[in-house]
Amino acid sequence: MNTKIYYTLTDESPFLATQSLLPIVRGFAKAADIDVETKNISLPGRILAAFGKASDDLDFLGKLTLEPDANIIKLPNISASVPQLKAAIAELQKNGFDVPDYPDAPANDEEKAIRAKYDKVKGSAVNPVLRQGNSDRRAPKAVKNFARNNPHSNGNWNTSVKTHVASMDADDFYGNEKSITMADADTFKIEFVNEAGEVTELRAAKPLLKGEIIDATVMRMASLEKFIANAMAEAKAKGLLFSVHLKATMMKVSDPVLFGAFVRVFFKDVFTKYADLFKELGIDANNGLGDLYKRLEGNAHEAEVKAAIDAALAAGPDLAMVDSAKGVTNLHVPSDVIIDASMPAMIRNSGCMWNKEGKLQETIACIPDRCYAGIYDETIEFCKQNGAFDPKTMGTVPNVGLMAQGAEEYGSHDKTFVAKGKGVIRAVNSKGEVLLQQNVEAGDIFRMCQAKDAPVRDWVKLAVTRARLSNTPAIFWLDPERAHDREIQKKVEAYLPEHDLNGLDIKIMSPRKAIVETMKRAKAGLDTIGVTGNVMRDYLTDLFPILEVGTSAKMLSIVPLMAGGGLYETGAGGSAPKQVQQFLAENYLRWDSLGEYFALVPAFEQVALKDGNKKAKVLADTLDEANGKILEFNRTPARKIGELDNRGSHFYLALYWSEALAAQKDDAELAAKFAPVAKALAENEQKIVAAFAAEQGKPADIGGYYLPKADLLKKWMRPVAEFNAVIDAL
């Protein structure tokens, strides 16, 4: 019986790349009796599944992660903001799919039900379902060595740089957090109690496990708005760009509201003057300036409102830009500026972002909540004092991240609410006793999160295992000033003695101290494992890889599932939209599939280990060898047209992999099968590479952004007949 590896179909440039890479992977895997089956977890796929128009592949994979033989390759997917969700819905409707419009303000039970289905699709809908294990993420040695031999620039830093992080000093999630550990199993529901004592249930009762940590905190909107106004004034006075850095995709309930506050305050006079018109047009600041412009189109007041917006832009501080040439600002779309990608990019650019003239300018980086802002603040200050990091000499920072079973904030969406009025939002147990509560005013954001005991215990075990295997110091990043972290630390201190710590260097430090210690060691060429919670895992596995190797797309990301299987995550999708734009304009795709190449190695190794499939081990070993050659000979996609792109890189993967299989001595059958493949590809190398290059430079119509057409995808992503013939014959 054939073994299955499940390969996810996602969105944007990873999806385009899959059309070229997957036939190669399937052809090679077939030689070891391994089926590579696709499951669609893309944004349009999730929308169609929500309304019964397609199979629910995310649900299938979620159940699979609880099986000991799960083997999943997970590519980056869209964590949709509302504007992205609406755009995908419109494209599906245009293509004849009967899905309803997204109701901004549900007026009846039917619309509320529709909205509930869409709310399950948007934001971080995929990761909490699939991540049923903790994260082990690091730069492969081949990638690290390549970066050392081909160093990128991390900018020019000195003490004269004025860029800095601005955060609230009170009334944020960090300052208001309360946390407890459950002594016994129970249930909890979330209620709002208004000033009159009337109780409204916000979320029905759900179970809590013994030993589970729960938190409750609140962001006070009035204080946030004062902070924004003060940061704007400071940016204006000091001649700095004004920029905001949030995670309005993953944090799909709270961060769009934070983003909306920035839009409202920056354009305060506009929103005040045209309040009635904006209400009539259904304009929501949370959706950004771009949505506002779209809803104004054709309105009698369009020119007048646009002039008022232009006046606000002129009167305020210079605003950081996403696309200077097109006039797209930092406040246009909530999903355009994602903190884990935007902050490292800014640090690589000497602490600068792009201004409206298309030039780099120093900035105030607004990260209102202090939970994680400190790590960026310390990084910027470290670079000012010590200069830019040198990829030729700096150490590496692997990460062991707590994320299993929806641990921490990314699992909090169903427990985040915007207060409708003054009162109390509280968590109540099965006996009606209040577990946690927060006083709220209208507009305040209440948030809870959970971390079960078993994932924390597994996280500690994984950290000790990684420290032992790599003989590397490990630091648990836990803040004694934060309620949640204090509860986590109690568990860490209880579970560490379960392991042999002899000869290991394992510390617990606050995030600010931990990142300074880690940066000092990295500057000295020393490695340090960061052992962090879920959100900081996300941020650090972009920050350090981008400084170390120039990208987070080349990381090896292994999630040992707690049930025994494996989830192998690939790359990072932050640049995917711009890559698609370039592809559509120039038929040049610079998505780097190296993450997929690396993820496939442990996926094949898992098959070999669990099924005793010796051919799978040969596939893994030879793929690993091919990956080394991809880097050694720089066969990854370049950034500009005229050079090797994603499809050309796939050709070289097939060439080097088949050559390694033909040369290996462990399996004569595989060697015999792939010898003619290697010969055919090598003999036609120049012809095939030239044919790929000849395709570049012309617009590529794929029939849709969210839902490309299959025949057009094949035309553009597999354009070279000589190469296709070899692969299709496998």
Side-chain angles (χ1 to χ4, degrees), residues 139 143-144 146-166 235 238-245 317-324 330 336-367 372-397 512 515-516 518-526 528 539-555 572 574-575 578 590 592 636 638-640:
V143 172
K144 187 67 174 172
F146 178 81
R148 284 176 170 149
N149 295 327
N150 301 271
H152 59 275
S153 171
N154 277 327
N156 298 304
W157 282 90
N158 54 60
T159 54
S160 68
V161 174
K162 296 179 182 177
T163 291
H164 63 278
V165 171
K238 294 181 177 178
L240 298 172
L241 285 180
F242 181 77
S243 63
V244 54
H245 304 263
D318 292 335
L319 189 56
M321 305 296 288
V322 170
D323 190 329
S324 304
N330 192 179
D336 268 354
V337 180
I338 304 300
I339 184 171
D340 46 320
S342 62
M343 288 300 295
M346 185 195 77
I347 292 165
R348 276 195 60 184
N349 280 328
S350 311
C352 296
M353 296 185 72
W354 299 101
N355 63 21
K356 60 186 176 183
E357 283 82 30
K359 297 178 181 178
L360 288 170
Q361 184 176 337
E362 292 173 2
T363 184
I364 288 180
C366 293
I367 308 174
Y372 307 102
I375 65 170
Y376 295 114
D377 182 46
E378 294 291 353
T379 303
I380 289 170
E381 294 306 312
F382 185 90
C383 290
K384 288 180 186 180
Q385 298 299 323
N386 299 280
F389 287 95
D390 184 353
K392 295 194 301 291
T393 58
M394 75 178 292
T396 190
V397 186
R512 281 186 176 270
I515 199 164
V516 170
T518 299
M519 289 189 293
K520 286 179 179 177
R521 290 177 54 82
K523 195 82 171 176
L526 301 173
T528 315
Y539 294 177
L540 294 184
T541 56
D542 275 305
L543 176 61
F544 281 110
I546 286 171
L547 296 178
E548 288 180 38
V549 301
T551 176
S552 56
K554 298 179 180 180
M555 297 292 284
S575 59
K578 287 188 176 180
R590 70 175 191 267
D592 190 347
T636 56
R639 294 183 63 83
K640 295 181 180 179

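Being a predicted model, the structure only gives us computed values, none of them experimental.
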Compare every heavy atom of Ile339 with every heavy atom of Pro344, then report the nearest pair and how far apart it is. CD-O, 3.7 Å

Of the non-hydrogen atoms in Gly395 and Arg148, which two are nearest, and what is the gap between them? CA-NH2, 4.3 Å

Expected output: side-chain Trp157 to main-chain Glu381 donor-acceptor under 3.5 Å: no

Dump the intermediate steps for side-chain contact (heavy atoms from CB on, under 4.5 Å) on Met346 and Asn349, then the final yes or no. CA-CA 5 Å; Met346 185 195 77; Asn349 280 328; 5.8 Å; no

At their closest point, which heavy atom of Ala365 faces which heavy atom of Ser243, and how far apart are they? CA-OG, 3.5 Å

In terms of heavy-atom contacts, Thr636 and Lys554 come closest through OG1-NZ, 4.0 Å

Should Thr363 and His164 be marked as a side-chain contact (heavy atoms from CB on, under 4.5 Å) after you check the CA-CA gap, both sets of side-chain angles, and the distance that decides it? CA-CA 7 Å; Thr363 184; His164 63 278; over 6 Å; no

Using side-chain heavy atoms (C-beta onward) and a distance below 4.5 Å, is Lys392 in contact with Pro151? yes

Over all heavy atoms of both residues, which pair between Ala147 and Pro391 is shortest? Give the atoms and the distance, please. O-CB, 4.2 Å

Please examine the side chains of Leu360 and Met353, heavy atoms only from C-beta on, and report whether any two atoms are closer than 4.5 Å. no

I'd like to check Ile347 versus Ile380 (side-chain heavy atoms, cut-off strictly below 4.5 Å). Are they in contact? yes

Would you call Lys162 and Glu362 a salt bridge, taking side-chain N to carboxylate O under 4.0 Å as the test? no

Heavy atoms from other residues, nucleotides or ligands near CG of Asn156 exceed 12 (cutoff 6.0 Å): no

Ignoring hydrogens and angles, state whether a donor on the side chain of Ser552 or Asp542 is under 3.5 Å from an acceptor on the partner side chain. yes

Would you find a donor on one side and an acceptor on the other, under 3.5 Å apart, between the side chain of Asn355 and the backbone of Lys359? yes

Glu378 and Ile515: which non-hydrogen atoms are nearest, and at how many Å? CB-CG2, 3.6 Å

Yes or no on side-chain contact (heavy atoms from CB on, under 4.5 Å) for Cys352 and Gln361, after CA distance, side-chain angles and deciding distance? CA-CA 5 Å; Cys352 296; Gln361 184 176 337; 5.7 Å; no

Side chains of Cys366 and Ile364, heavy atoms from C-beta outward: is any pair under 4.5 Å? yes

Looking at side-chain heavy atoms only, is the closest gap between Thr379 and Met519 below 4.5 Å? yes

Candidate list Lys523, Lys144, Arg521, test side chain to side chain contact (heavy atoms under 4.5 Å, CB included), partner Met394, passing option: Lys144

Classify the side-chain pair Thr528/Thr518 by whether it contains a donor and acceptor separated by less than 3.5 Å. no

Short question: side chain of Arg348, backbone of Met343 - any donor-acceptor pair under 3.5 Å? no

Can Phe389 and Phe544 be said to form a ring pair (Phe, Tyr, Trp, His ring centres under 6.0 Å), step by step? CA-CA 10 Å; Phe389 287 95; Phe544 281 110; 7.2 Å; no

Could you go step by step and tell me if Val337 and His245 meet the side-chain contact (heavy atoms from CB on, under 4.5 Å) rule? CA-CA 6 Å; Val337 180; His245 304 263; 4.0 Å; yes

Are any of the side-chain heavy atoms of Asp318 and Phe242 separated by less than 4.5 Å? no

Just by modelled atom types, is the Val397 backbone N or O under 3.5 Å from a matching donor or acceptor in the Glu548 side chain? yes

Do side-chain atoms of Asn154 reach the backbone of Leu547 as a donor and acceptor pair under 3.5 angstrom? yes

Relative to each other, are the rings of Tyr372 and Tyr539 parallel, tilted or perpendicular (30° and 60° limits)? perpendicular

Thr163: side-chain hydrogen bond (donor to acceptor under 3.5 Å, both in side chains) partners, not counting sequence neighbours: none

Salt bridge check: are Asp377 and Arg512 linked by an N-O gap of less than 4.0 Å? yes

